[in-house]
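Hydrogens, waters and symmetry mates are skipped; everything else that's a heavy atom, side chains included, is used. First the proteins, then the strands, lettered A, B, ... as listed; each starts at 1.
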Protein chains: 2
Amino acid sequence: MHTADAVETIQREMTVFARRARAAAGRMHPELSLVSYTLLGHLEESGGCRSTDLAAHYALDKSTVSRQVTGLERAGLVERRPDAADHRVQVLHLTGAGQRILAQVTESRRAAFRERLADWSAEDLSRFAHYLVRYNASPGPGRQD
Amino acid sequence: MHTADAVETIQREMTVFARRARAAAGRMHPELSLVSYTLLGHLEESGGCRSTDLAAHYALDKSTVSRQVTGLERAGLVERRPDAADHRVQVLHLTGAGQRILAQVTESRRAAFRERLADWSAEDLSRFAHYLVRYNASPGPGRQD
DNA sequence: CTGCCATGGTTGCACAACCCAACCACCTCG
DNA sequence: CGAGGTGGTTGGGTTGTGCAACCATGGCAG
């Protein structure tokens, strides 16, 4: 496969994935939207962060994050803690309930992925994972699509 | 990287990608939404197909496709042709304008991708592309997310 | 030929997730 | 102490979607 073709393919396949992802989002886990799930996941991974951080990481408008967080808080999945050093800031943390729900959804999602990736070799899985990390890590100007 | 971790990583990174994709969609090409672009692309690739085919391929509701197609037709990018064999069916085709717009958008998207993937080796690009194709090709029950 | 169900497509309705702009509160620095 | 920047919320409007109801046509059994 030539480089140009590979770039083309990556572009197209990533787009197809994004399309299907959007289409399927929320259907698997009515109790937690894709957005909410993703935000919860980031909170767990980061061990608590600010709304602005979430917005930056996912290239979302801060207002969008604000509303999502409001919903998550109302659902009792996250809590806001004041930041002693900067009174503008609210540090977001998962609650116990948030951790439970997240773990549960993660598990069922993982099961679906595992099934999908069942016949991949360990080496292929590892390489694929590294490529994705590398791709997402690149700061790319055009946040792609 | 252990297999379980790899699966986990792939899951998370694909999701991050999907989130950013959605976030960035349409910002690069205001004249053509991500959805519309994807549908046009599929039409070109398939050389004409039915609304139902598009819906099935992207796991979209037929009503959604119907509306998107209506918009594309109004914009003069696709045309509906009656199917002689089945009068219920309308076969969708790109118009000349549709082909031009698609080519133009594809090119600028490709440029963005190329830049993002600039420092990848040809081998890595090729492997990454293959992995993505393989992933998307798997019929996976849970259309993942 | 005549019903009856399946299929392709459209429309009404409601909703989730977005973005932008305006705004408030607070921090920082000259 | 202002002036400008940053974190966060709210108001308003748009888009993409799904579901359900509906119409028209096709296919098939009696």
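Contacts between residues 74-81 of chain A and DNA chain C, defined by a heavy-atom separation under 4.0 Å, are absent.
Using a 4.5 Å heavy-atom cutoff, the side chains of A:V65 and A:Y58 are not in contact.
Distance check, rounded to the nearest 0.5 Å: CD of B:Q90 to CZ of B:R50 gives 11.0 Å. If you take OG on A:S46 and CG on A:L94, they are separated by 8.5 Å, rounding to the nearest 0.5 Å.
Contact annotation: A:Q90 side-chain N/O to D:dT9 OP1/OP2 distance is under 4.0 Å. Between A:T52 and D:dG8 there is a side-chain polar atom (N or O) within less than 4.0 angstrom of OP1 or OP2. For A:T64, no side-chain nitrogen or oxygen approaches OP1 or OP2 of C:dA17 to under 4.0 Å.
Atom CG of B:L54 is separated from atom P of D:dG16 by 15 Å (rounded to the nearest Å). Rounded to whole Å, the distance from CD on B:Q68 to P on D:dG18 is 10 Å. We find that OH of A:Y58 is positioned 12 Å from P of C:dC18, with the value rounded to whole Å. Here the C1' atom of nucleotide D:dT25 and the CG atom of B:D83 are 12 Å apart, to the nearest Å. D:dG16 atom P lies 10 Å from atom CG of B:L39, rounded to whole Å. In this structure, the CG atom of B:L60 is 11 Å from the P atom of D:dC19, given to the nearest Å. In this entry the distance linking NZ of B:K62 with C1' of D:dG16 reads 18 Å, nearest Å.
The aromatic rings of A:W120 and B:Y131 lie tilted to each other, with the angle between the two planes from 30° to 60°.
When the nearest nucleotides of DNA chain C are assigned to B:D61 and B:R50 by heavy-atom distance, the more 5′-ward of the two goes with B:R50. Residue B:D53 is the one, among A:S36 and B:D53, whose nearest nucleotide of DNA chain C lies closer to the 5' end (criterion: closest heavy atom).
B:D83 is linked by a side chain to side chain donor-acceptor pair (under 3.5 Å) to nothing, counting only residues two or more places apart in sequence or in another chain. Evaluation of the side chain to side chain donor-acceptor pair (under 3.5 Å) rule for B:S51 yields no partner, not counting sequence neighbours. Contacts of B:D61 classified as salt bridge (charged side-chain N to carboxylate O under 4.0 Å, His left out), with partners at least two apart in sequence or in another chain: none. Annotation: salt bridge (charged side-chain N to carboxylate O under 4.0 Å, His left out) contacts of A:E44 (sequence neighbours excluded): none.
Among the nucleotides C:dT11, C:dG8, D:dG8, the one closest to the side chain of B:V89 is C:dG8.
With hydrogens and angles left out, the side-chain atoms of B:T106 and B:Y37 include a donor and acceptor closer than 3.5 Å.
Proximity of a side-chain donor or acceptor of B:T70 to a complementary backbone N or O of B:S66 within less than 3.5 Å is detected.
With hydrogens and angles ignored, no donor-acceptor pair under 3.5 angstrom links the side chain of A:R67 to the base of D:dG8.
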Kindly give the atom pairs (protein nitrogen or oxygen, nucleotide nitrogen or oxygen) under 3.5 Å for nucleotides 25-30 of chain C.
{"unit_1": "C:dC27", "atom_1": "OP1", "unit_2": "A:H87", "atom_2": "N", "d": "3.2"}

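The residue A:S63 sits close to a base: some heavy atom pair falls under 4.0 Å.
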